[in-house]
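Next up is a structure, given as structure tokens.
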Amino acid sequence: MNITPAQQLTRLVQEWIDQYLPQPPSGSVVQPCNDPRFGHYQSNVAMAAAKVLKKNPREIATSLVEYCQTADFIEPPEVAGPGFVNFTFKQECLEIACSRLAEDTNLGVTPEESPKTIVVDFSAPNVAKEMHVGHIRSTILGDSIARILKIKGHHVIRDNHIGDWGTQFGKLILGYKERGKPEFPESESLAMMQELYQATHQACEADANKLNAAREELKKLQEGDEENLEIWKFFRDRSQSAFDSIYQRLNVTFDHTLGESFFNPWLKSTVEELSQKSIAQESEGAKVVFFEEDELKDHPFLIEKSDGAALYATTDLATLKYRVDEWKAQQLIYVTDGRQQLHFKQLFSTAGRWGQEVDCYHIWFGAILGENKKPLKTREGNPIRLKDLLDEAEQRAKAILLEKRSDLKEAEAQEMARVIGIGALKYADLSQNRNLDYVFDWNKLLAFDGNTAPYLLNAYVRTRSILRKAEVTGEITGASFHLELPHEQALARLLLEYGTVVDQVTKEYRPHLLCGYLYEVASMFHKFFEHCPVLKAGTGALKQSRLSMCQLTGDVLKHGLELLGIETLEMM
RNA sequence: GCGCCCGUAGCUCAGCUGGAUAGAGCAUCAGUUUCCGGAACUGAGGGUCACAGGUUCGAAUCCUGUCGGGCGUACCA
């Protein structure tokens, strides 16, 4: 297995720690220097150890320096300041590491030693409602997390837990019947259904008889009335095809789309089992789980209403068990907004007492707000449709593209605009720490400067262009590297970190770390591009080396963007 | 009331388990093209890291408190 210079250094310092420090210090052994004057990497262990040993930190640092004198892959290290030890990799060491990286099809991303079966539950739109901006974060984040877990070797199951069952169907069915079951145009069916619901809902508010009629329709549906079931299926199928067209545009796929309705058969038994095991009990006429944890003490988990109906919690419990029993899931990941934190704490705690052996994670994200800092709505008070958002992204990308490239044909421009626009949209969401709320802004979501997808795409396109010009076809094999200039070495060190960065992202499910890294790579490549001529570097080893750097940079960018669910272009 | 999250440059955000002079982009100002794609590069200005204590060689980061904002808190999902 390949080992990067940084990992090699970590081992070396760790050896010294094991031999000379009775109490190994907590924290990282080595870390990158933020100031290039200090070298490539630094270790602060001497200062941490000095505290425990009550010795002079510089003395301890000197011991580490002496220990490292004989290592052949670094320059002799130095003690600096209060007790930092600064390391610089030998040029040769970086060159060898780059050659190995170039041969590694996974670019330093190593598969997990004990892969797991992991279910990623994300997106989850509601039937008969438009997908809106609120769904974008779950969809894009979930997709990226699933991609990253897969590349790490896990068995990933993507499940779209759509909201296809609930009280809204009473009103929908009533309204649909009252209008004489009209046919909807395929493309506008979601808008029609949403309008139908709103109109019927208002009518019910004003007229108690209508409300009762709606309840009656709901009851009939739940009891399996054939006509109502058929109407419900019609709504569901039409909604699904609308969702599918969005997912296709976003290049997002699912292994399963088991909606809430799928779990109806297990709702009763779930409640019964939890009651039998005394995990749930009756309270105020409803069935409830109480908790002992301080955090949840005052927050009972309602699993059956006083009228006997099931709830969100019931479905989630049944779903969880199904995933463990049928799919042998060892880990469950739920990607939803942060308002559901309490719900998932309750769910996970209940599942544990129920005996479900599975690791559960709630990956939550902040809200998308309007300019008034309140949940985003259009002027009419409706959420912004995801479909419109995608359209606008592509249109804006196309306008900018045509401004720069008036020579493009319509079809070419359209396709490039699709990749750039959708990429920019995804990247804007993924590049920000997911826990933060953010204010929706067209210019921000579709920004093409700075830390954005178009900037990364441009760097990638440059690598491809230069390789085309050099008439290099396919992969460069057995690449050798001569890293003479600072910019070459800096780029090399950055590329060698790729695998480590992917690991960091996996740890906390924070794709924005990968975005930040890729931005650094792109930025470093642009600098390399300015300062290190490639095609004009003669015909010898140096030119070959710089071409290899282009190849490697392009590979890392493409690989990283793929993990974010962003497509690349060969030209733009 | 209690719980979770947030407060860093004019704006939008990074800042990893505490490390050396707190970083990017946008905006502003000043430069770079006989040269591999200028969607680029180089430089400048701009900060009491909300506030106050504490922990220590060292704090934007950890602890306590205060202020400000968002969200959640039993029959919606």
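All chains are named by letter (A, B, ...) in the order of the sequence lines, taking the proteins before the strands, and each is independently numbered beginning at 1.
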So with a 6.0 Å cut-off around NZ of A:Lys129, is the heavy-atom count from everything else above 12? no
Please state how far atom CZ in A:Arg339 lies from atom P in B:G70, giving the value in whole angstrom units. 14 Å
Presence of A:Tyr455 side-chain N/O under 4.0 Å of B:C41 phosphate oxygens OP1/OP2: yes
Polar side-chain atom of A:Asp159 near backbone of A:Asp121 as donor-acceptor pair, under 3.5 Å: no
Contact class for A:Ala80 (heavy atom, under 4.0 Å): base, sugar-phosphate, or nothing? base
Considering just the side-chain nitrogens and oxygens of A:Ser28, establish if one lies under 4.0 Å of OP1 or OP2 belonging to B:U17. no
If you check every side-chain atom of A:Val534, which of B:C36, B:C41, B:A20 has the closest atom? B:C36
How many whole angstroms separate atom CE of A:Met416 from atom C1' of B:G37? 12 Å
What is the separation between atom CD on A:Gln544 and atom P on B:C36, rounded to the nearest whole Å? 20 Å
For atom C1', what is the distance between B:G65 and B:G23, given to the nearest Å? 30 Å
Describe the nucleic acid contact of A:Tyr519 in one word from base, sugar-phosphate, nothing, applying a heavy-atom distance below 4.0 Å. sugar-phosphate
Integer-rounded Å distance: B:C76 P and A:His201 NE2: 13 Å
Can you give me the N/O atom pairs linking the protein to nucleotides 56-58 of chain B at distances under 3.5 Å, or say none if there are none?
{"residue": "B:G58", "atom": "O6", "partner": "A:Lys51", "partner atom": "NZ", "Å": "3.1"}

Just name whichever nucleotide pairs with B:G68, Watson-Crick or G-U, keeping both distances under 3.5 Å, else none. B:C6
A:Lys444 vs B:C13: side-chain N/O to OP1/OP2 distance below 4.0 Å: yes
Please evaluate the base of B:A14 for a donor-acceptor partner in the side chain of A:Gln432 within a cut-off of under 3.5 Å? no
Distance between the C1' atoms of B:U17 and B:U73, in whole angstroms? 32 Å
Report, as yes or no, whether the 6.0 Å neighbourhood of atom CD on A:Glu293 holds more than 12 heavy atoms from other residues, nucleotides or ligands. yes
What is the distance from NE2 of A:His299 to C1' of B:G1, rounded to the nearest Å? 11 Å
Which part of the nucleic acid, if any, lies within contact of A:Glu520, taking any heavy atom under 4.0 Å across all strands shown: a base, the sugar-phosphate backbone alone, or nothing? nothing
Any strand is fair game: report the nucleotide pairing with B:U48 by Watson-Crick or G-U wobble, both distances under 3.5 Å, or none. none
Could you give the distance separating B:U56 and B:C13 at their P atoms, to the nearest angstrom? 36 Å
Which of the following nucleotides, B:C4, B:U73, B:C76, is nearest to the side chain of A:Leu311? B:C76
Nucleotide forming a Watson-Crick or wobble pair with B:G43, both distances under 3.5 Å: B:C29
Contact nearer the 5' end of RNA chain B, comparing A:Arg37 with A:Phe529: A:Arg37
Please classify the nucleic acid contact of A:Cys515 as base, sugar-phosphate, or nothing, using heavy-atom distances under 4.0 Å. nothing
Short side-chain to backbone donor-acceptor contact, A:Arg236 and A:Asp164, under 3.5 Å: no
Taking a pair as Watson-Crick or G-U wobble with both distances under 3.5 Å, which nucleotide is matched to B:U21? none
Could you give the distance separating B:U66 and B:C11 at their C1' atoms, to the nearest angstrom? 28 Å
Over all strands shown, is A:Thr452 touching base, sugar-phosphate only, or nothing at heavy-atom distances under 4.0 angstrom? nothing
For A:His482, which residues count as a ring pair (Phe, Tyr, Trp, His ring centres under 6.0 Å) partner, sequence neighbours excluded? none
Which base sits across from B:G1 as a Watson-Crick or G-U pair, both distances under 3.5 Å? B:U73
With rounding to the closest Å, how many angstrom separate the C1' atoms on B:G18 and B:C62? 7 Å
Of the candidate nucleotides B:C13, B:A74, B:A77, which contains the atom at the shortest distance from the side chain of A:Leu302? B:A74
Does A:Asn34 have a side-chain nitrogen or oxygen under 4.0 Å from the phosphate oxygens OP1 or OP2 of B:A20? yes
Phosphate OP1/OP2 of B:G37 contacted by A:Lys469 side-chain N/O (<4.0 Å): yes
Whole-Å distance separating the CG atom of A:Leu445 from the P atom of B:C11: 20 Å
Mapping A:Lys345 and A:Ile466 onto RNA chain B by nearest heavy atom, which one lands closer to the 5' end? A:Lys345
A:Ile60 CD1 to B:G19 P: how many Å, rounded? 19 Å
State plainly whether the residues A:Asp294 and A:Lys297 are in salt-bridge range, i.e. N to O under 4.0 Å. yes
Report yes or no: is there a donor-acceptor pair, N or O only, under 3.5 Å between the side chain of A:Asn86 and the base of B:A20? yes
NZ/NE/NH1/NH2 to OD/OE distance under 4.0 Å, A:Glu567 and A:Arg418: yes
From CZ of A:Arg434 across to P of B:C4 the rounded distance in Å is 17 Å
Of all heavy-atom pairs linking A:Val45 and A:Leu64, the shortest is CG2-CD2, 4.2 Å
Establish whether the base of B:A24 is bridged to the side chain of A:Ser523 by a donor-acceptor pair shorter than 3.5 Å. no
Which value, in whole Å, describes the distance between the P atoms of nucleotides B:A9 and B:A52? 16 Å
Measure from the side-chain N and O atoms of A:Thr4 to the backbone N and O of A:Gln7, and report whether any donor-acceptor pair falls under 3.5 Å. yes
Which is true for A:Leu457 with a 4.0 Å heavy-atom rule: it touches a base, it touches only sugar-phosphate, or it touches nothing? nothing
Nucleotide opposite B:C35 in a Watson-Crick or G-U pair, distances under 3.5 Å: none
Determine the interatomic distance between C1' on B:U48 and the same-named atom on B:A60; round to the nearest Å. 13 Å
Please confirm whether the backbone N or O of A:Phe525 pairs with a side-chain atom of A:Thr553, one donor and one acceptor, at under 3.5 Å? no
OP1 or OP2 of B:G19 less than 4.0 angstrom from a side-chain nitrogen or oxygen of A:Gln31, does that happen here? yes
Would you mind classifying the nucleic acid contact of A:Asn433 as base, sugar-phosphate or nothing, using non-hydrogen atoms under 4.0 angstrom? sugar-phosphate
As an exercise, state the distance from NE2 of A:His201 to CD of A:Gln168, rounded to the nearest 0.5 Å. 11.5 Å
Reckon A:Asp449 touches a base, only the sugar-phosphate, or nothing at all at heavy-atom distances under 4.0 Å? sugar-phosphate
Under a 3.5 Å limit on both distances, the Watson-Crick or wobble mate of B:A59 is none
Between B:A14 and B:C26, how far apart are the two C1' atoms, rounded to whole Å? 15 Å
Given B:G15, is OP1 or OP2 found less than 4.0 Å from the side-chain N or O atoms of A:His512? yes
How many angstroms lie between CG in A:Asp437 and CZ in A:Phe365, if you round to the nearest 0.5 Å? 11.0 Å
